[in-house]
Each structure stands twice: as structure tokens, then as C-alpha cells.
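The model shown is predicted, which means the values in this text are computed figures rather than measured ones. The figures that follow rest on heavy atoms only: side chains count, while hydrogens, waters and symmetry mates do not.
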Amino acid sequence: GAGGPVLRDPMKLIAWNCRGLGNRPAVRSLLELQKTEGADILFLSETKLDKRRMERFRWSLGLSNIVVCKCGGKGGGIAVFWRRRVNVVLRNYSNNHIDVDIFQDDGFKWRFTGVYGFPQTEDRHKTWTLLRDLHAQENLPWLCAGDFNEILFQHEKEGGSLKPQSQMDRFREAIVDCDLQDLG
């Protein structure tokens, strides 16, 4: 009604581990996902492609802006794409994260960090240290999403042997230390 708050369309953000964009089915799935969901911001992990090849996707996706972190060897690779009308400012990045500030039209400022956790079990502690270091920076509303290469609870795992409780506990401790909540 008159004088009430002005509601605008919510911003859509998708985080997806694409497990490689070097094959047609993965590319078709990505393009279909963007077509049906219309993400304003898209974080991809495990792209397995270099910057030049990743930049080709931005036009197909309708997301004109991109930050790409190269893949190491045959795995890894992360990227954040966003629409022209979205005001994104890069904070920092590594092979395991891309950290940005997002300024909305109404003046609201928040932070998004796309994470691709260290895949080797013996290196997972580096992911938790990274999260804690990022948390120690400027205090803004923070959305942290991606593939942490770890689970919080056994029921999240499909098939294979059970995860050691101590590994899940260390992930949970990092989540608590960073004041993050699992959105499910």
C-alpha cells in the first residue's frame, strides 16, 4: 500500500561444484541451471578450466562480470560470475576462495565468500584456518558457500565408509568460531 516498504526482487546466488566444465553434459547442465534459476551471482568450484576458457562462459550465462582463480594441476579452479547491475567489489582470493563485498541498491552492504576446501584430508585444517582468517576481517553480514570438502554430520554422506568424527568436529568448530550457521 501507499507509504509501505518498497519490496524489490531478492538477489539470487548459486554455489555449485561442477566437477569440471570440460565436457558437454556439465556445460549443458550449467547453462540450463542459469536459464531456469537466473542467478545474479554464480560461484563455481572445481571448474578444471583456465581463466581464458572460463571467460567464454560469462556471455553464455548472461553474467558479464567474472573473477577466476586458476586450477592447480588437473583439479580445482573457482570462479564468481555476476550480472552487470550487481555491484561487487573483490576483497581477496586464493585457489581456495573468492571473497567479495556486495553493495545493494538500497545501501545494504554484505559479504560473500565462495569456498573450495582443500580436498586432501591432511590439508583440511588449512580450510578452517582460512575461514577463521576471513572471519577476523571487517564485520559485515556474511554468506559463505561452496564445497568445503567436509561434512558436518554422517547423514550428509552418501555411500562409502563413515567419516572420522574428529574431522567433522574440526569443521563444526570452525563454523562456530566464525559465527556461521549451516543453512542446510
Exercise for review: Go through the steps to decide whether Phe118 and Asn149 satisfy the test side-chain contact (heavy atoms from CB on, under 4.5 Å), and finish with yes or no.
Suggested key: CA-CA 7 Å; Phe118 285 83; Asn149 276 310; over 6 Å; no
Revision key, fill the gap. Here the pair of heavy atoms bringing Leu134 nearest to Thr113 is CD1-CG2, 3.7 Å
Study note, to complete from the structure: Note: Ala79 and Phe81 closest approach over all heavy atoms is CB-CE1, 3.9 Å
Exercise for review: Kindly write out the residues that satisfy salt bridge (Lys or Arg N to Asp or Glu O under 4.0 Å) with Lys12, not counting sequence neighbours, or none if the list is empty.
Suggested key: Glu37
Check your understanding: Any donor and acceptor pair, going by atom type alone, linking the side chain of Gln167 with main-chain N or O of Thr121 inside 3.5 Å?
Key -> no
Review point. Any chain of hydrophobic side-chain contacts (each under 4.5 Å) joining Trp82 to Val100?
Key: yes
Review point. Just by distance, do the side chain of Asp123 and the backbone of Lys126 share a donor-acceptor pair under 3.5 Å?
Key: no
Review point. Does a salt bridge link Asp105 with Arg85, judged by any charged N lying under 4.0 Å from a carboxylate O?
Key: no
Review point. Side-chain contact, heavy-atom cut-off 4.5 Å: Asn65 with Val80?
Key: no
Practice item. Indicate if Leu152 and Leu162 have the same hydrophobic cluster label, given that clusters are the connected sets of ILVMFWY residues with side-chain heavy-atom separations under 4.5 angstrom. Key: no
Practice item. Report the distance from atom CD1 of Ile41 to atom CZ of Arg83, rounding to the nearest 0.5 Å. Key: 10.5 Å
Check your understanding: Does a sphere of radius 6.0 Å around CD in Gln181 hold more than 12 heavy atoms from other residues, nucleotides or ligands, not counting ones at 6.0 Å or beyond?
Key -> no
**Study point:** Validation row, ring centre Phe148 to ring centre Phe171 under 6.0 Å
**Key:** yes
Check your understanding: Of the non-hydrogen atoms in Ala26 and Cys18, which two are nearest, and what is the gap between them?
Key -> CB-O, 4.4 Å
Review point. Do Leu140 and Lys109 come within less than 4.5 Å of each other through their side chains, counting heavy atoms only?
Key: yes
Exercise for review: Identify the heavy atoms of Ser45 and Asp147 that sit nearest to each other, and give their distance.
Suggested key: OG-CB, 3.9 Å
**Study point:** More than 12 heavy atoms from other groups under 6.0 Å of NZ on Lys163
**Key:** yes
Review point. Got Ile151 and Met168 here, is their nearest side-chain heavy-atom distance under 4.5 Å?
Key: yes
**Study point:** Val176-Trp142 co-clustered via ILVMFWY side chain contacts under 4.5 Å
**Key:** no
Study note, to complete from the structure: The residue among Lys51, Arg53, Arg52 that forms side-chain contact (heavy atoms from CB on, under 4.5 Å) with Val68 is Lys51
Point to revise | Note, Arg58 side chain near Ser64 side chain (heavy atom, < 4.5 Å) | key: no
Practice item. State yes or no: do Val88 and Phe108 share one hydrophobic cluster built from I, L, V, M, F, W and Y residues joined by side-chain heavy-atom distances below 4.5 Å, directly or via other members? Key: yes
Revision key, fill the gap. One should read off an interatomic distance between Leu13 CG and Leu42 CG, to the nearest 0.5 angstrom, of 8.0 Å
**Study point:** Partner residues of Arg172 under the salt bridge (Lys or Arg N to Asp or Glu O under 4.0 Å) criterion, sequence neighbours left out
**Key:** Asp169
**Study point:** Short side-chain to backbone donor-acceptor contact, Asp99 and Tyr93, under 3.5 Å
**Key:** no
Point to revise | Sub-4.5 Å side-chain heavy-atom contact between Glu46 and Tyr116 | key: yes
Practice item. Could you walk me through whether Asp101 and Arg111 pass the salt bridge (Lys or Arg N to Asp or Glu O under 4.0 Å) test, one step at a time? Key: CA-CA 4 Å; Asp101 287 335; Arg111 179 179 180 194; 5.1 Å; no
Review point. Ion pair present between Arg132 and Asp177, side-chain N to carboxylate O less than 4.0 angstrom?
Key: yes
Exercise for review: Inspect the contact between Arg170 and Glu150 and indicate whether a charged nitrogen and a carboxylate oxygen are less than 4.0 angstrom apart.
Suggested key: no
**Study point:** Least distance between heavy atoms, Phe103 atom then Val89 atom
**Key:** CE1-CG2, 3.6 Å
Practice item. Would you please test Ile102 and Asn87 for side-chain contact (heavy atoms from CB on, under 4.5 Å) and show each step? Key: CA-CA 6 Å; Ile102 300 167; Asn87 186 358; over 6 Å; no
Review point. Is there a side-chain contact between Asp182 and Ile175, using heavy atoms and a 4.5 Å cut-off?
Key: no
Revision key, fill the gap. What one should report as the nearest heavy-atom pair of Ser94 and Cys69 is O-SG, 3.3 Å
**Study point:** Note, Leu131 side chain near Val115 side chain (heavy atom, < 4.5 Å)
**Key:** yes
Review point. Is it true that Trp16 and Phe43 have ring centroids separated by less than 6.0 Å?
Key: no
Check your understanding: Hey, any chance Trp59 and Met54 share a hydrophobic cluster, counting ILVMFWY side chains that come within less than 4.5 Å of each other, even indirectly?
Key -> no
Practice item. Could you tell me whether the side chain of Ile78 reaches within less than 4.5 Å of the side chain of Asn95, counting heavy atoms only? Key: no
